[in-house]
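For reference, the structure discussed in these notes is given below.
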Amino acid sequence: MTTLYKLTDGNDRTYGDTQWGAGVEHITNGKDELCGPGWIHAYTDPLLAVLLNPIHGNFKGAHLWEAEGDVRKTDHGLKVGCTRLRTMRQLPLPEITTEQRVRFAILC
């Protein structure tokens with residue numbers, strides 16, 4: 001299992017009303033495309049999770065979770081797809097400055 005990071009909304013839910021929390025694990029079949037129901041999305045770094053939230057989950061009042069998962073697919077380093085993911089503990093969201101966002105946008 002790899003240490004990963006999962007973003008949820010303020011109620012600890014993601015797409016399809018999937019509930020997450022400390023020690024919660026979900027398993028999928030890994031079929032079809034990465035953005036399909038066969039995959040659970042996660043990030044390899046908490047900064048990526050926060051920076052990409054507006055174009056991925058767009059969660060308002062987001063919560064960040066440290067998680068353990070089995071990475072089976074990747075989206076060119078933006079996010080990963082797992083067939084098994086367990087959220088372990090909630091972490092504070094990293095604070096990102098405007099300058100950091102601009103630098104990230106330029107690198108993209």
Completion exercise
Here the salt bridge (charged side-chain N to carboxylate O under 4.0 Å, His left out) pairs for residues 13-26, sequence neighbours left out, are R13-D17, E25-R84, E25-R86
Practice task
Could I get the full list of side-chain hydrogen bond (donor to acceptor under 3.5 Å, both in side chains) partners for N53, not counting sequence neighbours?
Solution key: none
Problem - Partner set under side-chain hydrogen bond (donor to acceptor under 3.5 Å, both in side chains) for W20, not counting sequence neighbours - result: T14
Problem - Qualifying residues under side-chain hydrogen bond (donor to acceptor under 3.5 Å, both in side chains), relative to R89, sequence neighbours excluded - result: E66
Handout entry: Summary of ring pair (Phe, Tyr, Trp, His ring centres under 6.0 Å) pairs that have at least one residue in residues 65-108, sequence neighbours excluded
Key = none
Completion exercise
Students should find that the hydrophobic cluster of L107, defined by side-chain heavy atoms under 4.5 Å apart, otherwise consists of none
Determine all donor-acceptor pairs shorter than 3.5 Å in which one atom belongs to a side chain in residues 42-52; sequence neighbours excluded.
unit_1, atom_1, unit_2, atom_2, d
Y43, OH, H56, ND1, 2.7
D45, OD1, L47, N, 2.7

Please report, to 0.1 Å, the donor-acceptor pairs under 3.5 Å made by any side chain of residues 26-36, with sequence neighbours excluded.
unit_1, atom_1, unit_2, atom_2, d
H26, NE2, Q19, O, 2.8
T28, OG1, G38, O, 2.7
N29, OD1, K31, N, 2.9

Practice task
Just jot down the side-chain contact (heavy atoms from CB on, under 4.5 Å) partners of T97, sequence neighbours excluded, or say none.
Solution key: E99, Q100
Exercise for the section: Can you measure from NZ (K6) to CD (E68) and round to the nearest 0.5 angstrom? Expected result: 15.0 Å
Exercise for the section: Mind checking side-chain hydrogen bond (donor to acceptor under 3.5 Å, both in side chains) for D75 and listing every partner two or more places apart, or none if nothing turns up? Expected result: none
Problem - Residues that, via side-chain heavy atoms closer than 4.5 angstrom, fall in one hydrophobic cluster with M88 - result: none
Fill in the blank from the handout: Residues at least two apart in sequence or cross-chain that pass salt bridge (charged side-chain N to carboxylate O under 4.0 Å, His left out) with R72, listed by chain then number, are D70
